[in-house]
Each structure stands twice: as structure tokens, then as C-alpha cells.
Protein chains: 2
Amino acid sequence: MNSTNPNNWKGLPLAEVDTPSLLLDADALQANIDRMAAFFVNRPSGLRPHFKSHKCTKIVRLQMQAGAVGITCAKLGEAEVLADAGIREILIANQIVGHVKIARLIQLAKRAAPIVAVDSEENARMLSAAASAANVEIRALVEVDIGLNRCGVKSGAPALALTRLIASLPGIKFEGLQGYEGHLVDLPDEAERAEKTRAALKPLVETRRLIESSGIPVNIVTGGSTGTYTFTGDFPGVDEVQAGSYAAMDWYYFDIRPEFRQAMSILTTVISRPAPDIAIVDVGRKGVGAEFGPPRVKDLPGASIARFGSEEHASISLPKDCNMSVGDHLELIPSHGCTTSNLYREFIVHRHGVVEDVWPIEGSGQMR
Amino acid sequence: MNSTNPNNWKGLPLAEVDTPSLLLDADALQANIDRMAAFFVNRPSGLRPHFKSHKCTKIVRLQMQAGAVGITCAKLGEAEVLADAGIREILIANQIVGHVKIARLIQLAKRAAPIVAVDSEENARMLSAAASAANVEIRALVEVDIGLNRCGVKSGAPALALTRLIASLPGIKFEGLQGYEGHLVDLPDEAERAEKTRAALKPLVETRRLIESSGIPVNIVTGGSTGTYTFTGDFPGVDEVQAGSYAAMDWYYFDIRPEFRQAMSILTTVISRPAPDIAIVDVGRKGVGAEFGPPRVKDLPGASIARFGSEEHASISLPKDCNMSVGDHLELIPSHGCTTSNLYREFIVHRHGVVEDVWPIEGSGQMR
């Protein structure tokens with residue numbers, strides 16, 4: 001009888017692991033990390049992997065060992081988790097707004113070197129006032145909207161104006177530019193993705209030159225994704241790429257980037273066999289990030305999700321003559337790793353079908 | 001400067017609360033609980049509210065005080081949380097499969113009176129063997145598929161056969177039937193919803209009579225939802241209704257059941273104003289259960305979600321002349337409360353705009 005505490009599962013075969021559990025294939029993970037690191041070895045740009053994809057500091061450590069120049073994250077709470085794990089070089093690729101969060105950011109700046117994105121004068125002035133009152137310096141990137149249509153100022157003159165303001169304010173240091181081509185990272189046609197990505201990055205790098213020619217140094221221009229790392233990481237004037245999904249992978253990015261391996265999966269148990277061709281498993285909406293589509297069934301050709309709707313159940317359409325019983329296991333690959341890792345508290349790390357370790361997902365639930 | 005720990009937010013106006021935070025309007029919650037309780041006061045059927053909707057034992061306590069006959073939950077981990085809170089009468093409306101979970105269920109049966117759903121001979125035999133070896137008794141409902149097409153055996157003879165098996169086995173006690181009309185609970189037309197619900201319940205209650213006429217007593221027939229409580233709770237032969245969403249509500253059920261109030265919302269901060277009619281707020285897919293549609297904007301007529309896609313951002317289309325600034329708050333109503341409560345660790349409970357209390361969401365992340 002094995003334990004109900006995942007930390008006691010080390011050494012167990014996966015067949016004895018309780019479900020639903022978020023699995024991580026250690027070999028596939030390392031292969032992905034090595035492959036991405038190899039791309040950046042002889043390039044001017046560096047890799048600053050995105051923490052939001054896996055939210056796990058054990059993976060961060062492997063990424064740093066493989067040569068990452070720092071870590072990207074989405075939330076201040078994630079940055080605090082990273083600082084707790086000893087990481088200093090942390091980019092929060094987002095606006096940090098409000099008194100409570102700015103106070104936390106200032107505390108963070110005393111034990112790490114956070115960088116934040118800024119896209120408004122109000123936010124720049126608040127950061128400056130709080131940081132200079134506390135006698136710390138916050139590093140800032142001006143976020144430029146390069147077509148995603150989310151946060152960010154326009155390229156060219158508006159970006160230069162905000163840069164000049166930041167450079168003039170005490171307590172914050174202008175570090176460079178952020179521009180994320182998030183609207184292009186999933187274009188299925190690779191040539192089109194490359195061309196449109198380069199077109200989107202052009203005004204970002206032109207803005208860099210404009211700022212530099214105004215006499216303000218630009219240390220970092222950052223953007224990119226697993227979907228575009230080969231183009232963004234090779235674009236003159238881009239210094240860092242924020243790819244994240246490549247490490248654990250999901251099927252959405254795997255379809256675009258099949259050079260990586262699917263390291264992440266969800267182990268489930270068949271809890272009902274209501275028909276010869278249907279198995280009901282014990283995971284549903286509550287356990288799989290599915291905004292890019294329902295999960296796929298791993299290692300069982302011909303099986304697919306027949307229905308994925310309720311919180312705790314998925315209905316699997318089985319291939320002919322599949323004699324699966326109540327109690328058997330199935331693995332699912334999520335469409336989106338980032339929202340899936342947020343639903344679990346730990347990765348069950350396995351190698352050759354045996355649990356090797358259990359890694360806490362410290363970034364899970366870091367909403368603020 | 002207020003604290004970063006929500007437990008220190010008591011007494012603060014909502015304007016000073018950090019975001020994203022899951023809010024709960026105490027007056028609206030109590031009104032919902034009272035309204036639902038009133039429906040059951042003079043009826044033969046009782047209310048066994050579903051824990052999965054809010055996952056918070058402070059709300060459970062209010063529901064029990066208002067007359068609930070017990071609590072329903074979806075996961076064994078939720079049942080353990082309920083037992084920790086002193087609840088004994090716990091229905092796990094799901095199959096408990098596998099050695100690890102059955103061992104936990106047996107431990108639970110020593111400190112509470114759990115009931116589980118069963119729909120296979122394999123599962124019945126495993127429960128029986130484990131329970132009788134441990135000298136405890138597990139209460140069991142035979143789950144009948146009444147059209148949802150998920151778990152469950154067919155009504156009539158197959159249900160009777162599984163009932164007879166369970167009644168013959170040591171360690172498990174046949175308690176009754178479960179049938180959930182989940183495919184009907186959201187039919188927009190109320191008359192159609194009523195008619196189809198009654199038609200679906202008919203074979204369930206006929207199966208009850210069949211089992212009783214075979215000499216086996218049926219103590220509990222259970223099913224239902226917020227969408228159908230008025231029909232299921234009034235149907236002769238149904239003993240308990242498992243409604244859950246009514247307490248905190250979401251907009252999906254509110255559209256069907258406007259007699260309840262929207263007690264749950266998500267407090268967000270405007271982090272960017274990229275255009276005069278657009279505000280970007282600090283919550284996205286990671287912070288809102290949205291499988292029934294994107295969230296709606298609360299208390300701001302004319303505002304709506306322009307784009308809801310990324311994990312940490314939503315783009316709000318603002319009404320004309322709305323002078324909202326970076327740092328201002330907005331509230332969103334999720335389409336689905338059950339998956340939303342799973343994303344947060346606490347409810348920020350407010351009354352008249354002031355934080356009254358902070359309630360842990362103990363069921364959050366209880367996957368197993």
C-alpha cells in the first residue's frame with residue numbers, strides 16, 4: 001500500500017501512483033532544456049526562460065545550469081518564489097501596479113535584481129516615488145505594443161517619450177524595451193510565422209536605435225516565445241528571448257515545434273466503463289488547462305477525448321478491442337502547459353516509468 | 001500601507017484590497033442560502049449542498065445551519081477537508097477507485113459517515129474487500145445514468161443487479177441511488193427544463209420502486225442542481241438535491257436562476273490603458289473559470305470583455321467617457337464558480353464595501 005503523500009512515491013512504478021497527478025518525464029525535460037540552450041550558444045542573444053510555463057524552481061535550476069541569462073515571470077508572487085530559490089536576475093514581464101504590489105517590489109529589490117515592464121507615466125511616477133523613498137533602484141523596461149494589442153505604448157516617439165521620463169526619474173533605471181509578438185507565436189505556417197515575427201520586431205529595434213541615438217543606452221531588448229525563438233533569437237537588436245513552453249511542452253506548442261518532446265502529462269484513472277468503447281477518467285476541467293482545446297490521449301493510438309466538459313470527468317473514446325478496466329491508468333497531454341501547471345501543487349518526476357522525484361510547483365496559485 | 005497577507009485586510013475598504021482577489025458578498029451569500037433553504041422547509045426532500053462550487057467550509061457551516069441534511073462533494077480530498085471541519089454526513093458523488101484512495105476512504109469512515117457512488121462490480125468488490133478487512137462499513141449509492149452519458153449503470157435491471165451485488169457484499173451498505181440530470185440543468189427554457197428533468201427522473205424513481213419491491217430498502221435517491229432544484233426537489237421519490245452553485249453564483253446559473261444574487265466576483269486592477277476605450281486588467285485565464293464563456297464586468301454598464309485569452313490579462317471595452325485610470329479597480333463575474341473557486345486560496349468576504357473576513361478555500365486544489 002503506497003502513501004497518500006506524493007513525497008513518499010519515490011521509487012514507485014507509475015502504475016502505483018495515485019491520480020490525477022501531473023507527470024514530468026525527466027529525460028524529455030532535460031533533452032528540451034539542452035536543445036534550447038544549444039540554439040543560443042553561439043548567438044548574441046540569450047535565453048531568459050519564462051517561469052509561468054512550469055512554475056517550478058527545480059526546472060529553473062536546470063535552465064540556469066544550461067546557460068540561461070536570467071528568468072522571466074508574469075507575476076510579482078512568482079518573482080518572490082524565484083528570489084526565495086536564490087535567483088537574482090528576474091524579469092517580471094508585466095506592469096506592477098498599486099501600492100501593495102509596489103511595496104512588495106521594493107522589498108524584492110533588496111534581495112534580488114528585479115526588472116519590471118512599464119507602459120504608463122502614472123506607473124513610472126509611482127514606482128519612482130516609492131523606490132527613491134526606500135533608497136532602492138528598480139530596473140524598468142518600456143513595454144512596446146508590437147501588434148499583440150494588449151499592454152504597451154506605441155513604438156517610436158511615444159516609447160521614446162516614456163523612456164525619457166523614466167530616465168529622468170529617481171529610483172528607477174531605464175534598462176531597455178520589451179515587445180511580445182504573442183499574436184504570431186502560434187501561426188501554423190513556419191515561413192509566415194518567421195516573416196510576420198520579423199516584421200513585428202522591426203519597429204521595436206528601430207525604437208531601440210531611436211532611443212540610443214537620443215543618448216540613452218538600451219541594455220536589453222526582450223521578447224519571443226517557444227513558437228518564435230528561432231526568429232526572435234536571431235534578430236539583430238534583440239538581446240533576450242522569453243521562451244517558456246519548450247521545457248515541459250504541451251500539444252499546442254508541440255504541433256508548432258516538434259523538435260521538442262512532450263515532457264508533461266496528466267496521469268488519470270479509469271473510474272467507469274459505461275460502454276465498450278468509452279472510458280471515463282478522473283480528470284476534467286479542474287485538472288487540465290484546455291483553452292487551446294481538450295487534452296490528447298498519450299501512447300494509445302486511436303484513443304481520443306470524446307467529451308471534455310465537466311470538472312472532474314473526461315470521456316475517452318477507445319480504439320476497438322481495447323480491454324481497459326476500471327482502475328487502469330491513462331495519460332493525457334494538455335493543450336496548454338501554463339494554465340495546467342497552475343492547477344497542481346507538484347510534478348511527479350519519472351524516468352523509465354519509475355518515480356524519481358517529486359518537485360513542488362511553488363508558483364502554482366501565485367495570482368498577485 | 002496595507003499588508004500583503006489577506007488575513008490582515010479585515011476592515012479595509014475594497015478599494016485598498018490587492019488584486020486579483022476572489023470576493024464574496026456576505027449579504028448576497030446569506031440571502032442565497034436562506035432562499036434555497038426556504039424551498040426545502042416543507043418538502044419531503046432535503047438539500048445536500050455541493051461543496052465543489054465554493055470549496056469553503058465557512059460556507060458549509062452556514063448551509064448546515066440553514067438546514068442542509070449533509071454535504072455533497074466531488075473528490076475524496078474534499079471529503080477529508082469536510083471531515084476536518086467536523087462534518088460527518090458526506091456524500092462523495094463520484095466513484096472512488098484504486099488502492100490508495102480506497103485506503104483513504106476507509107480512514108475517513110472511522111471519523112465520518114461517507115457515502116460513495118458505485119457503478120461497477122470491480123469497484124464494489126474492491127470497496128467491500130478493503131472495508132471488511134478493516135472492519136468498517138462504507139455506504140454506497142448505485143449511480144444510474146439518466147441521460148448525462150457519463151458514469152452510471154442503466155436504470156432498471158442493470159441497476160438492480162448491481163444493487164443486489166452490493167447488498168450481498170460485506171463491508172459496504174447499499175444506501176440508495178444517484179442520478180444526475182447534468183445534461184438538462186442549463187436548458188434556457190424553464191418549462192422545457194422542468195419537463196425533461198421530470199422525464200429523466202422517472203426511470204430513476206422506477207428503479208427505486210423495482211429495488212424496493214425486490215425487498216431491498218432504498219434510503220436515499222439523490223440528484224439535482226441549482227438549475228433544476230425546483231423540479232428535482234419536488235419530484236416524488238427523490239430524497240435529496242445536490243445544488244451547489246446557488247450559494248456564491250456565477251453568471252451562467254444566474255441567467256437561469258435570477259432569484260439568487262451574484263455573491264462571487266473577482267476584484268482586478270487596471271494595469272494599462274492602451275486606448276481611450278480599452279482597459280487591461282490583471283486577471284486572465286489563470287484566475288477565472290471560463291468554460292461557459294468569458295467573465296462579465298460588474299456594476300459598470302456598457303463595459304464588456306473585449307478579449308479574454310491570455311493567462312494574466314483581460315481586455316475590457318469601456319463605455320464612452322469612462323475615465324478609468326491605471327490603478328483603478330474593476331469587478332468581474334465568472335461564468336463558472338466551481339472552476340473559479342479552485343484557482344484561489346481564500347475568499348475576501350465583504351459587506352457594504354468593507355472587508356469583513358477572509359475565509360480559506362480549503363477545497364482548492366483537492367484533485368485526488
Side-chain angles (χ1 to χ4, degrees), chain A residues 1-4 16 18-21 52 74-75 94-95 97-101 103-104 119-120 122-123 126 143 145 149-153 182 269-274 280 282-283 285-287 289-291 307 309-313 315 325-327 336 338-339 342-345 364-365 367-368, chain B residues 1-4 16 18-21 52 74-75 94-95 97-101 103-104 119-120 122-123 126 143 145 149-153 182 269-274 280 282-283 285-287 289-291 307 309-313 315 325-327 336 338-339 342-345 364-365 367-368:
Chain A
M1 189 65 59
N2 73 48
S3 162
T4 62
E16 289 181 33
D18 196 14
T19 67
S21 283
K52 70 170 184 142
K75 287 279 164 171
N94 221 326
Q95 287 66 27
V97 171
H99 288 287
V100 183
K101 285 206 183 66
R104 281 164 63 194
D119 75 351
S120 71
E122 303 96 295
N123 191 210
M126 274 193 68
E143 180 158 3
D145 181 7
N149 212 359
R150 198 167 69 185
C151 296
V153 296
T269 297
V270 174
I271 61 164
S272 182
R273 288 284 274 111
I280 310 291
D282 65 351
V283 76
R285 290 270 175 194
K286 216 181 83 178
E291 63 269 28
R307 211 154 48 112
S310 66
E311 293 124 76
E312 309 286 5
H313 302 84
S315 177
S325 303
V326 168
H336 199 194
C338 304
T339 48
N342 190 52
L343 300 171
Y344 291 82
R345 307 303 199 251
S364 176
M367 306 284 282
R368 299 186 194 106
Chain B
M1 190 66 59
N2 73 50
S3 163
T4 62
E16 288 181 34
D18 196 13
T19 67
S21 284
K52 69 168 186 144
K75 287 278 163 170
N94 220 326
Q95 287 66 28
V97 171
H99 288 287
V100 183
K101 285 206 182 65
R104 280 164 62 193
D119 74 352
S120 72
E122 304 95 296
N123 191 209
M126 274 193 68
E143 181 159 1
D145 180 7
N149 211 0
R150 199 167 68 184
C151 296
V153 296
T269 297
V270 174
I271 60 165
S272 182
R273 288 283 274 110
I280 309 291
D282 64 351
V283 76
R285 289 269 175 194
K286 216 181 83 179
E291 62 269 29
R307 211 155 47 113
S310 66
E311 294 124 75
E312 310 286 6
H313 302 84
S315 177
S325 303
V326 167
H336 198 194
C338 304
T339 47
N342 189 53
L343 301 171
Y344 291 81
R345 307 302 199 255
S364 175
M367 306 284 282
R368 299 184 193 107

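The shown structure was predicted, so the numbers you read here are calculated from the model rather than taken from an experiment. Residue numbers begin at 1 in each chain, while the letters A, B, ... track the order of the sequences.
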*Asks:* Do you know which of B/Ala74, B/Gly327, B/Cys338 has the most heavy-atom pairs with chain A at a distance under 4.5 angstrom?
*Replies:* B/Cys338
*Asks:* Check whether any side-chain N or O of B/Arg307 sits under 3.5 Å from a backbone N or O of A/Asn149 as a donor-acceptor pair, and report yes or no.
*Replies:* yes
*Asks:* Please give me the minimum heavy-atom distance between B/Cys151 and A/Ile280, naming the atom from each residue.
*Replies:* SG-CG2, 3.7 Å
*Asks:* I need the residue from B/Gly98, B/Ser325, B/Gly365 with the largest number of non-hydrogen atom pairs under 4.5 Å to chain A.
*Replies:* B/Gly365
*Asks:* Side chains of B/Glu143 and A/Pro274: does their closest heavy-atom pair fall under 4.5 Å?
*Replies:* no
*Asks:* Given heavy-atom pairs under 4.5 angstrom as the criterion, report whether the side chain, backbone, both or neither of B/Asp282 touches chain A.
*Replies:* both
*Asks:* Kindly compute the distance separating CD (B/Glu16) from NE2 (A/His99), expressed to the nearest 0.5 Å.
*Replies:* 8.5 Å
*Asks:* Heavy-atom pairs under 4.5 Å with chain B - which of A/Lys286, A/His336, A/Met126, A/Arg273 has more of them than the others?
*Replies:* A/Lys286
*Asks:* Is there side-chain contact between B/Arg104 and A/Asp18, with at least one heavy-atom pair below 4.5 Å?
*Replies:* yes
*Asks:* So for B/Ser120, is it side chain, backbone, both, or neither that comes closer than 4.5 Å to the heavy atoms of chain A?
*Replies:* side chain
*Asks:* Minimum heavy-atom separation for B/Leu343 and A/Asn342, please, with both atom names.
*Replies:* CD2-ND2, 4.1 Å
*Asks:* Given a strict heavy-atom distance threshold of 4.5 Å, which part of B/Arg368 is in contact with chain A: side chain, backbone, both, or neither?
*Replies:* both
*Asks:* Tell me the closest heavy-atom pair linking A/Arg345 and B/Ser364, and the distance in Å.
*Replies:* NH2-O, 3.1 Å
*Asks:* If we check side chain to side chain donor-acceptor pair (under 3.5 Å) with B/Arg150, which of these qualifies: A/Ser272, A/Ser310, A/Ser315?
*Replies:* A/Ser310
*Asks:* Quick check: do B/Ile271 and A/Lys101 have side-chain heavy atoms less than 4.5 Å from each other?
*Replies:* no
*Asks:* Taking every heavy-atom pair that is under 4.5 Å apart, which of B/Glu122, B/Gln95, B/Glu312, B/His313 has the most such pairs with chain A?
*Replies:* B/His313
*Asks:* Name the region of B/Val153, side chain, backbone, both or neither, that has any atom closer than 4.5 Å to a heavy atom of chain A.
*Replies:* neither
